[in-house]
Amino acid sequence: AAAAIPPDDFLTFFDILALSWRGRRNGRVRKWTQPVHVRTRGIAAAAHKDAIEAMLEEASALCGLPFQRVAAGAKRDKVVTLYFVSGREMRRLYPSQNAVCFAHTQGNWGKLHTARVHIGAEHADCLHHEFMHALGFDGHWPGAETGIEAATALAQRSAPERAHGFSAW
């Protein structure tokens, strides 16, 4: 069995990931409050179908809301769109950020309405990380400087604390 997570460590973890943004306090938590539609688009979406389905099943169980796949062209409210794009397209979309993956979310009054996730086709290991942002966790885990040992998908891609998939953290 996994070791219990001390409450103070969990609260610090949650504070950094959900309430703080680059050292500034944004003082809000945004979440999905209704069933969420998920559509995939792009050059490698079909290649990751099984991983996406498994992730959505797990997210549904963890969040208590259904995350359901819909057709790529479906126009719906409460939607997360996962785009799998080339490295060239990532550089065009985010020229100053050196990003291999990126998530954008929109919502208000504590509720998320849409999320757009771009994943470089050769960096599908970012799927859980960016989906955590789409779930409302805007921050990144800073790692060892917190004094808390936590393996999480929200650690930076090259950090030793980076976990793939969802974890107890």
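For the pair A134 and V80, the tightest heavy-atom approach, listed with the atom from each and the gap, is CB-CG1, 4.3 Å. The heavy-atom pair separating C101 from H123 by the smallest distance is SG-O, 3.7 Å. Looking at every heavy atom in both residues, C126 comes nearest to R162 through CA-NH2, 3.8 Å. Residues A150 and W141 share a closest heavy-atom pair of O-NE1, 3.7 Å. Heavy atoms only, all atoms of each residue included: L65 and P35 are closest at CD2-N, 4.1 Å. Here the shortest heavy-atom pairing between L135 and C63 reads CD2-SG, 4.1 Å.
A distance of 4.5 Å separates NE2 in H104 from CZ in R116, rounded to the nearest 0.5 Å. Residue L56 holds its CG atom at 9.5 Å from CD of Q68, rounded to the nearest 0.5 Å. To the nearest 0.5 Å, atom CZ of residue F84 and atom OG1 of residue T40 are 7.0 Å apart. In this structure, CD1 in I52 is found 13.5 Å from CZ in R39, a value given to the nearest 0.5 Å. Here L127 contributes atom CG and L82 contributes atom CG; the two are 6.5 Å apart, rounded to the nearest 0.5 Å.
Under a hydrophobic clustering in which Ile, Leu, Val, Met, Phe, Trp and Tyr are joined whenever their side-chain heavy atoms come within less than 4.5 Å, directly or via other members, M90 and V100 fall into different clusters. Under a hydrophobic clustering in which Ile, Leu, Val, Met, Phe, Trp and Tyr are joined whenever their side-chain heavy atoms come within less than 4.5 Å, directly or via other members, V38 and L62 fall into the same cluster.
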Worksheet item: Could you go step by step and tell me if V79 and T81 meet the side-chain contact (heavy atoms from CB on, under 4.5 Å) rule?
Response: CA-CA 6 Å; V79 65; T81 305; 4.1 Å; yes
Worksheet entry | I119 vs Y83, side-chain contact (heavy atoms from CB on, under 4.5 Å): CA-CA, chis, key distance, verdict | CA-CA 6 Å; I119 298 175; Y83 296 91; over 6 Å; no
Item to complete: Take T105 and R30 through the test side-chain contact (heavy atoms from CB on, under 4.5 Å) and record every step on the way to the result.
Response: CA-CA 10 Å; T105 58; R30 297 174 307 140; 2.6 Å; yes
Practice prompt. Under the side-chain contact (heavy atoms from CB on, under 4.5 Å) rule, what do H128 and H164 come out as? Steps first, then yes or no, please.
Written response: CA-CA 7 Å; H128 280 83; H164 299 286; 5.9 Å; no
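Contacts of E53 classified as salt bridge (Lys or Arg N to Asp or Glu O under 4.0 Å), with partners at least two apart in sequence or in another chain: R69. Residues passing the salt bridge (Lys or Arg N to Asp or Glu O under 4.0 Å) test with R157 are D125, sequence neighbours excluded.
R92 contributes no side-chain N or O that, together with a main-chain N or O of R88, makes up a donor-acceptor pair within less than 3.5 Å. Of the possible polar contacts, one joining the S86 side chain to the E89 backbone as a donor-acceptor pair under 3.5 Å is found. Of the possible polar contacts, none joining the W32 side chain to the T114 backbone as a donor-acceptor pair under 3.5 Å is found.
The aromatic ring centres of F131 and F67 sit less than 6.0 Å apart. In this structure, H140 has its ring center under 6.0 Å from that of H129.
Using cut-offs of 30° and 60° for the angle between ring planes, the H118 and Y94 rings count as perpendicular.
Between F13 and T146 there is no side-chain heavy-atom pair separated by less than 4.5 Å. L154 is listed as a side-chain neighbour of F137, based on a closest heavy-atom distance under 4.5 Å.
Within a 6.0 Å radius of CG in D8, other residues, nucleotides and ligands contribute 12 heavy atoms or fewer.
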